[in-house]
Amino acid sequence: MHITSPLLTSLALLLFAAHTLRLGDLGLVAVLLGVIVLAWCRWTWGRWVLTAVLAWAAVAWVQTGTQLVLLRQAMGAPWERLALIMAGVTLCTLAALVCLQMPAAHRRYARHAETAAVRAGAVIFTALLLGVARAKAGFPILLLDRVAPGWGWLQIAAMAWYAGWLAKVLLDPRAHRRWRPLLWAGFSAIFFGQLLLGLAGWRTFLMTGALHLPVPALILGGPLFRGEGLFMLILFLATVLLVGPAWCSHLCYIGAWDDQASRRAGTIKGSAGRWIWLGRGATLALTVAAALGLRAAGVPGTTAVWVAAGFGLFSVGVMLALSSQLGSMVHCTAVCPMGLVGNLLGRCTPWRMAMDEGCTRCGACSRVCRYGALEPADIDRGRPGLSCTLCGDCVAVCRHAAMAYRCAGLTAGTARRVFLILVVSLHAAFVAVARL
């Protein structure tokens with residue numbers, strides 16, 4: 001009986017792979033054959049991933065069977081045998097799905113159970129994000145589909161596995177603090193590396209085939225100037241909806257530069273202070289006014305791009321002159337208009353970084369916060385300031401476990417695990433579609 005679950009699961013996956021082969025999706029066929037390996041391993045997270053894949057297969061069988069039967073009926077052709085065959089493969093898939101939920105399966109798939117939830121969650125959510133993006137995009141959104149058409153699911157599977165591994169690693173707050181800047185810088189390097197390859201003439205690396213200036217202010221200013229092109233703005237807003245202001249500490253392609261610049265100073269020697277509001281408020285107003293003013297004046301797009309490029313160079317200058325000297329992220333907290341938008345909209349989401357009654361006001365969190373969100377006044381109030389981006393560095397250094405992620409209705413531990421699943425999945429998805 002101990003091999004019933006893997007045998008039945010393998011059969012169900014083989015049937016689904018045959019169905020996708022008939023549809024011509026060779027990448028998905030290869031992924032499903034690879035997923036069979038999970039049925040014979042003993043990882044708890046693998047059982048959860050198998051459950052998700054089999055549930056997807058069952059829905060696909062029902063939809064396909066219904067469509068084929070209705071088509072046969074409309075043509076006046078015999079349909080009863082077809083209905084029995086489709087019912088049979090659906091029942092086989094459901095039987096495998098049920099078998100995975102039985103106590104025997106729980107005992108079989110028992111390895112690494114302590115990290116299974118966060119790992120499986122990241123794998124499934126990453127695959128879902130990229131699968132939907134691939135299906136809905138009007139062009140090959142994945143690099144592998146542009147290089148080898150039809151094999152995009154292999155890239156999705158690779159990024160899902162990467163997200164699952166990363167979620168397991170980052171589950172330790174100290175590892176999160178150590179790895180976050182490296183992963184963030186790596187994403188930025190991939191993003192701008194593909195940009196450079198595109199500029200060098202390898203247009204395959206430009207997702208849409210056109211060049212877009214990678215300045216965060218253009219996320220808002222670009223659509224206002226053009227009157228169209230809302231993709232990046234929608235992506236930014238959707239990200240903030242999912243993980244609050246964590247866009248600024250995990251996902252922004254320019255923010256990673258400011259992070260690396262601030263680390264050159266070693267210890268934190270100062271912060272943006274009142275410029276957290278004033279500086280970013282001014283650049284936000286300037287961005288809106290400049291975009292609308294240039295549009296009203298009929299200024300050519302090329303001129304507008306040069307204006308945006310000038311702002312981008314100014315931002316880099318701030319990083320080099322101030323962030324690298326003060327040890328805090330001056331550009332992100334005092335200059336970037338989208339940082340202020342992210343902080344403000346983040347207040348509308350349920351994610352928070354909170355201190356509980358165990359806080360001793362030791363100041364350890366303040367000494368690692370490069371966003372200036374844990375100044376003495378903030379600690380006295382018992383909550384981080386406006387510029388908090390949920391980076392999590394403070395959680396790692398709090399010896400009293402008084403600092404924690406919070407989300408309405410969840411315990412602190414569960415809130416952090418859910419947050420990790422979301423932010424890691426977004427990171428993996430952004431790496432996969434790094435060059436817009």
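Along the sequence shown, residues carry numbers from 1.
- Just one residue in the list Leu14, Leu28, Leu21 forms a side-chain contact (heavy atoms from CB on, under 4.5 Å) with Leu33, and that residue is Leu14.
- Heavy-atom neighbours of Trp306 CH2 from other residues, nucleotides or ligands within 6.0 Å: at or below the threshold of 12.
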Please evaluate residues Val53 and Leu32 with respect to the criterion side-chain contact (heavy atoms from CB on, under 4.5 Å), reporting the C-alpha separation (whole Å), side-chain torsions for both, the decisive distance (0.1 Å), and the verdict. CA-CA 9 Å; Val53 174; Leu32 290 172; 3.9 Å; yes
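- The minimum heavy-atom distance linking Met232 with Ile219 is given by the pair O-CG2, 3.8 Å.
- When the options Arg178, Arg370, Arg180 are evaluated for a side chain to side chain donor-acceptor pair (under 3.5 Å) with Asp393, the one that passes is Arg180.
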Evaluate side chain to side chain donor-acceptor pair (under 3.5 Å) for Trp257 paired with Ser188, printing each intermediate quantity in order. CA-CA 8 Å; Trp257 295 15; Ser188 183; 3.0 Å; yes
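- Taking the six-membered ring for Trp, Phe419 and His176 have ring centres at least 6.0 Å apart.
- For the atom pair CZ of Phe125 and CG of Leu242, the computed distance is 5.5 Å after rounding to the nearest 0.5 Å.
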Under the criterion side chain to side chain donor-acceptor pair (under 3.5 Å), I'd like the reasoning laid out for Ser323 against His331: C-alpha separation, chi angles, the key distance, then a yes or no. CA-CA 7 Å; Ser323 298; His331 165 261; over 6 Å; no
Go through the steps to decide whether Thr51 and Gln101 satisfy the test side chain to side chain donor-acceptor pair (under 3.5 Å), and finish with yes or no. CA-CA 8 Å; Thr51 297; Gln101 315 313 313; 3.1 Å; yes
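- A distance of 8.5 Å separates CG in Leu144 from CZ in Arg134, rounded to the nearest 0.5 Å.
- Of the listed residues (Asp259, Ile254, Val335, Val330), just one forms a side-chain contact (heavy atoms from CB on, under 4.5 Å) with Met319, and that residue is Ile254.
- Taken from CZ in Arg399 to SG in Cys362, the straight-line distance is 5.0 Å, to the nearest 0.5 Å.
- From Trp40, atom CH2 reaches atom OG1 of Thr9 across 9.0 Å, with rounding to the nearest 0.5 Å.
- Of all the heavy atoms in Cys388 and Pro384, the pair that sits closest is CB-CB, 3.8 Å.
- Cation-pi geometry between Arg111 and Trp43 is not met: the NZ or CZ atom fails to fall both under 6.0 Å from the ring centre and inside 45° of the normal.
- Note: His427 and Phe187 have perpendicular aromatic rings, judged against thresholds of 30 and 60 degrees for the angle between ring planes.
- Panel note: side chain Arg416, backbone Leu171; a donor-acceptor pair is recorded below 3.5 Å.
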Could you please spell out the steps behind the side chain to side chain donor-acceptor pair (under 3.5 Å) verdict for Thr20 and Asp25? CA-CA 6 Å; Thr20 57; Asp25 196 335; over 6 Å; no
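- Side-chain N or O atoms of Tyr405 include none that pairs as donor or acceptor with a backbone N or O of Ala354 at under 3.5 Å.
- To the nearest 0.5 Å, the span separating NZ on Lys168 from CG on Leu420 amounts to 14.0 Å.
- The ring-ring contact (aromatic ring centres under 6.0 Å, His included) test with Trp247 singles out one residue from Phe236, Trp184, Trp351, and that residue is Phe236.
- Of all non-hydrogen atoms in Ser262 and Met329, the two that sit nearest each other are OG-CG, 3.7 Å.
- Ring geometry for His19 versus Phe16: interplanar angle under 30°, hence parallel rather than tilted (30 to 60°).
- Checked by atom type and distance alone, the side chain of Arg352 pairs as donor or acceptor with a backbone atom of Thr349 at under 3.5 Å.
- Heavy-atom neighbours of Trp165 CH2 from other residues, nucleotides or ligands within 6.0 Å: above the threshold of 12.
- A distance of 4.5 Å separates CE in Met353 from SG in Cys394, rounded to the nearest 0.5 Å.
- For Arg381, the CZ atom is densely surrounded, since the number of other residues' heavy atoms within 6.0 Å is greater than 12.
- Between the side chain of Thr93 and the backbone N or O of Ala58, no donor-acceptor pair lies under 3.5 Å.
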